[in-house]
Amino acid sequence: MEAQIPAPIGLLAELTHRCPLGCPYCSNPLALDGREGELATAEWKRVLNEAAALGVLQVHLSGGEPLARRDLVEIVSHCAGLGLYTNLITSGIGMNARLARALADAGLDHVQLSIQDADAASADKIAGYNGAFAKKREVAALITAEGFPLTVNAVIHHANAARAGAMVRLALALGARRVEIAHVQYYGWAVPNRAQLMPTRAEAEAAVTEVEELKRELAGQIVIDHVIPDYHARYPKACMGGWGRRTLNITPLGKALPCHAAETIPHLAFWNVRDKSLAEIWQQSPAFAAYRGTAWMNETCRTCERREIDHGGCRCQALALAGDAAATDPVCYKSPHHGRLVEIMALEAGRAEAPYHYRRVPARAPV
Ligand code: SF4
Ligand code: FES
């Protein structure tokens with residue numbers, strides 16, 4: 001008999017790709033979904049019922065910008081009724097006191113607020129939105145006034161690496177209990193913006209040192225989750241905690257993905273929650289099975305003592321850099337494609353002067 005696949009812990013609900021910001025490292029696909037065809041409220045409720053029945057414990061309400069959905073409070077309330085822990089992942093744009101109160105009343109558990117920089121002008125430029133920085137300060141105050149635990153997250157790249165420490169201090173000043181400092185990952189919109197975003201080794205290392213020092217200095221005041229830059233590491237990270245092991249993503253149109261960038265892998269077909277139950281998808285979908293476990297691994301990973309630690313790294317990064325999603329992640333020093341990564345860094349790091357390609361949702365879906 002086939003071994004039972006352990007239940008997922010988390011579900012990332014990408015409620016919409018619409019977002020007022022245009023961050024050039026957004027993990028959403030380049031072909032963003034328009035509003036037409038987004039899952040309706042009743043469809044999300046059914047998916048959430050199925051998630052709870054499957055054993056999911058945490059729902060991350062994301063996007064795009066989830067505040068753009070008029071039914072967000074209703075969705076939160078539905079999750080709370082199912083006993084699901086809810087985390088709102090937001091840019092803050094669209095939040096106001098009335099909405100913050102309604103979300104609290106509906107049972108929202110936690111808020112994760114993004115910041116782009118500690119310098120206002122730079123933050124607004126990175127976000128592609130004038131006034132974003134000032135608005136985020138207001139929103140952080142609304143969130144903490146409602147008593148939500150707040151996590152601030154910041155993505156580090158060439159334009160803001162010098163202020164990694166200032167962003168930690170800003171998170172503390174905003175009342176966050178945790179701050180996540182993560183170096184940019186090169187998938188989604190970060191691929192066409194790679195040369196603009198990639199820091200030099202010196203910039204990345206200085207940022208890592210500064211944040212590690214703050215971990216010691218601010219211990220007891222704020223928890224710092226520090227995701228070090230992949231490209232400068234010896235081993236890759238265990239992307240998604242391993243493919244099809246812990247979490248699943250549902251796109252605005254209902255496709256179930258093993259990770260946010262999975263649609264870049266051209267030979268995978270993704271089942272849709274409109275056609276299949278979440279349990280069927282999790283247990284039987286070929287896309288989830290494709291890189292689960294170790295059978296798919298090449299010799300380098302299959303015989304490596306770290307195969308159950310990093311699960312061979314990131315499939316989407318392997319595809320982007322080595323042209324093969326089943327290759328050893330080129331971040332790994334054992335990968336035969338590691339040299340390509342070193343070459344890209346030498347060519348692109350710190351050459352940032354070209355304008356960003358901002359992510360924008362098409363005003364209307366193509367007909
Ligand atoms: Fe991880 Fe594969 Fe590298 Fe081993 S060879 S460290 S399993 S990516
Ligand atoms: Fe797809 Fe890492 S983003 S496996």
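Quick note: numbers below take in every heavy atom, side chains included, and nothing from hydrogens, waters or symmetry partners. Just follow the structure's listing: the first ligand is 1, and inside any ligand the first atom is 1. Values in this document were obtained by computation on a predicted structure and should not be read as measured data.
- Taking the ring-ring contact (aromatic ring centres under 6.0 Å, His included) definition, one finds that His260 meets it with Tyr187, sequence neighbours left out.
- Neither side chain, His337 nor Thr328, offers a donor N or O lying under 3.5 Å from an acceptor on the other.
- The 12-atom threshold is exceeded at CZ of Arg302, counting heavy atoms of other residues, nucleotides or ligands nearer than 6.0 Å.
- Among Arg18, His17, Glu43, the single residue meeting the side chain to side chain contact (heavy atoms under 4.5 Å, CB included) criterion with Glu38 is Arg18.
- Contacts between Tyr291 and ligand 2, counted as non-hydrogen atom pairs separated by less than 4.0 Å, are absent for every part of the residue.
- By the 30° and 60° cut-offs, the orientation of the rings of Tyr25 relative to His157 is tilted.
- Closest to atom 4 (S) of ligand 2 among all protein heavy atoms lies Arg315 N, 3.4 Å.
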*Can you list the steps and then say if Asp225 with Arg178 is a salt bridge (charged side-chain N to carboxylate O under 4.0 Å, His left out)?*
CA-CA 7 Å; Asp225 292 324; Arg178 303 184 80 97; 3.1 Å; yes
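- Each of the following atoms of ligand 2 lies closer than 4.0 Å to a heavy atom of Cys259: 1 (Fe), 3 (S), 4 (S).
- A donor and an acceptor atom, one from each side chain of Asn193 and His357, are nowhere located under 3.5 Å apart.
- Looking at Glu50 and Ser277, their side chains never bring a donor and an acceptor atom within 3.5 Å of each other.
- The closest approach between any non-hydrogen atom of Met240 and ligand 2 is not below 4.0 Å.
- Against a heavy-atom cut-off of under 4.0 Å, Tyr187 is close to the following atoms of ligand 2: 3 (S).
- Pairs engaging residues 275-292 under the salt bridge (Lys or Arg N to Asp or Glu O under 4.0 Å) rule: none recorded [sequence neighbours left out].
- Residue-level proximity to ligand 2 for Cys314 is carried by backbone and side chain together, each with a heavy atom below 4.0 angstrom.
- The Cys239 neighbourhood of ligand 2 comprises atoms 2 (Fe), 3 (S), 4 (S), with distances under 4.0 Å to a heavy atom of that residue.
- Around atom 2 (Fe) of ligand 1, protein atoms of type N, O or S found under 2.8 Å number 1.
- Residue Cys316 approaches ligand 2 through these ligand atoms, each under 4.0 Å from one of its heavy atoms: 1 (Fe), 3 (S), 4 (S).
- For Trp243, the ring-ring contact (aromatic ring centres under 6.0 Å, His included) criterion is met by Tyr291, not counting sequence neighbours.
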